[in-house]
Visitor: 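Have a look at this one.
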Amino acid sequence: MFDTRQLEVFATVARTGSFSAAARLLHCTQPAVSQQMRALERQVGGPLFVRTGRGLHLTEAGRILAERGSDLLDQLATTHQQVSAIATHDIGTIRICAFPSANVSLVPAAAAILAEERPQLRLELVEEEPPDSFALLRRGEVDVVLSFSYLDEPQDEATVNGMLSVPLLREPLALLVPSGHRLAGRERVSLSEAAEERWIAGCVRCQRALHLACGAAGFVPDITCSTDDNLAIQSLVTAGLGVALVPRLLLSFLKHPGLTVVEVESAAQRLTSLYTWPDLIKLPIMRATVDALISASAKA
């Protein structure tokens, strides 16, 4: 019998290619990783890695274990998630993981709907972005994930394999400029009109979307500052340090008084979707939760 902890450590080592990188991801020491791998190799009766210079390569036994062990861990995680979900839902609790702007807009609106329809339902909220949010769903630590992507952004199918996806929201991006800016009096502008501006960028995925949108408009954005804090983005724009391209949802719950929002002619859009497991959606309280999130998104 394999120790699941050893399999998890092995999968991380195989994915990262080194004990030290695996230790960083697992938040433990390199000697602890080495000890786990030595124990696993004793159990299988032979080496799983071959050192080549400063890196590691899998032996044939290691390659087979990496392939089948990953499937086994996924199956165990799914089983744990389903059992945990049933046990949790017996007492009426739904665990929702969402990205920041959804957690302060869509989730509270859905919670208000549920409070009327199912007053005994208890919600536990977690804030995380993909791919970490999907990892929480696979480990059975949450029941629902609200995730975002940008139009034409490639989706990692392996990350969401087996999950049920429900589209919730498709929102255009808006240009933020400080009050008094030369574009502030315009209702709608071409993105190319901001080509000479300095830019405040968001998270890594948001920066990628900004580069794609500006590239489609014929220029490369001059990014002078980046942050994943929505309030910081608005404050930096208000201070005149640059302009920003943000999803409309970010402005639904908080807008700095020194900002002007300008519509832009751009195909760039952010897509918000809900993810859960197909078996969970059969539970009445999960179905009610999904319906509430769909209703909240329709009104956003």
Side-chain angles (χ1 to χ4, degrees), residues 98-106 127-134 146-157 159-160 167-273 297 300:
F99 55 95
S101 58
N103 242 352
V104 295
S105 56
L106 300 182
E127 187 171 292
E128 196 61 80
E129 295 189 5
D132 294 333
S133 54
F134 291 125
L146 296 188
S147 177
F148 71 87
S149 62
Y150 286 92
L151 197 64
D152 298 327
E153 179 183 356
Q155 177 68 276
D156 183 358
E157 296 299 331
T159 302
V160 298
L168 293 179
L169 189 63
R170 180 186 291 256
E171 52 184 319
L173 305 187
L175 183 68
L176 300 186
V177 299
S179 299
H181 187 275
R182 62 183 179 86
L183 298 177
R186 305 271 297 279
E187 290 187 5
R188 188 176 181 86
V189 299
S190 168
L191 195 56
S192 61
E193 294 181 68
E196 301 303 318
E197 299 289 337
R198 295 180 301 172
W199 289 84
I200 310 299
C203 66
V204 173
R205 298 172 72 194
C206 301
Q207 290 180 46
R208 190 182 305 123
L210 173 63
H211 276 284
L212 288 174
C214 293
F219 69 97
V220 176
D222 176 17
I223 297 176
T224 59
C225 184
S226 61
T227 173
D228 58 3
D229 186 315
N230 172 50
L231 181 57
I233 290 175
Q234 295 193 21
S235 296
L236 289 166
V237 172
T238 302
L241 299 177
V243 300
L245 193 65
V246 302
R248 284 279 183 176
L249 190 63
L250 270 66
L251 304 170
S252 65
F253 57 91
L254 180 66
K255 179 179 175 294
H256 196 292
L259 279 181
T260 297
V261 182
V262 184
E263 292 186 13
V264 292
E265 297 171 2
S266 172
Q269 293 181 324
R270 187 174 74 166
L271 315 176
T272 298
S273 297
S297 299

Visitor: Determine yes or no for a side-chain-to-main-chain donor-acceptor pair under 3.5 angstrom, with S273 supplying the side chain and S147 the backbone.
Guide: no

Visitor: How long is the span from the CZ atom in R188 to the OG atom in S266, to the nearest 0.5 Å?
Guide: 9.0 Å

Visitor: Answer whether the closest heavy-atom distance between the side chains of V261 and V246 falls below 4.5 Å.
Guide: no

Visitor: Given E171, which partner from the list R270, R248, Q269 fulfils the side chain to side chain donor-acceptor pair (under 3.5 Å) test?
Guide: R270

Visitor: Considering only NZ, NE, NH1 and NH2 on the basic side and carboxylate oxygens on the acidic side, decide whether R182 and E197 come within less than 4.0 Å.
Guide: yes

Visitor: Can you measure from CZ (F219) to CD (E193) and round to the nearest 0.5 angstrom?
Guide: 10.5 Å

Visitor: Rounded to the nearest 0.5 Å, how far does CD1 of I233 lie from SG of C225?
Guide: 8.5 Å

Visitor: Can you name the nearest heavy-atom pair linking A268 to A213, along with the distance?
Guide: CB-CB, 3.9 Å

Visitor: Rounded to the nearest 0.5 Å, what separates atom SG in C203 from atom CD in E129?
Guide: 5.0 Å

Visitor: With rounding to the nearest 0.5 Å, note down the distance linking CG in L259 to CG in L176.
Guide: 5.5 Å

Visitor: For R198 versus G240, what's the shortest heavy-atom pair and its separation?
Guide: NH2-O, 3.2 Å

Visitor: Of the options L241, V243, T224, which is the one that meets L236 in a side chain to side chain contact (heavy atoms under 4.5 Å, CB included)?
Guide: L241

Visitor: Specify the closest pair of heavy atoms between D229 and L231, including all atoms of both residues, with the distance to one decimal.
Guide: OD1-N, 2.9 Å

Visitor: What is the minimum heavy-atom distance between P178 and G242, and which atoms define it?
Guide: CD-O, 4.5 Å

Visitor: Apply the side chain to side chain contact (heavy atoms under 4.5 Å, CB included) test between L210 and each candidate in I223, L191, I200; give the one that qualifies.
Guide: I223

Visitor: Please assess L271 against L169 for the test side-chain contact (heavy atoms from CB on, under 4.5 Å), listing each intermediate value before the final yes or no.
Guide: CA-CA 6 Å; L271 315 176; L169 189 63; over 6 Å; no

Visitor: Check whether NZ of the Lys or CZ of the Arg R205 lies under 6.0 Å from the centre of the six-membered ring of F148 and within 45 degrees of that ring's axis.
Guide: yes

Visitor: Closest approach of V262 and R186, non-hydrogen atoms and distance?
Guide: CG1-O, 3.5 Å

Visitor: Measure the spacing between NE2 of H256 and OG1 of T238 and express it to the nearest 0.5 Å.
Guide: 4.0 Å

Visitor: For the residue pair L146 and F99, what are the closest heavy atoms and their distance?
Guide: O-CD2, 3.3 Å

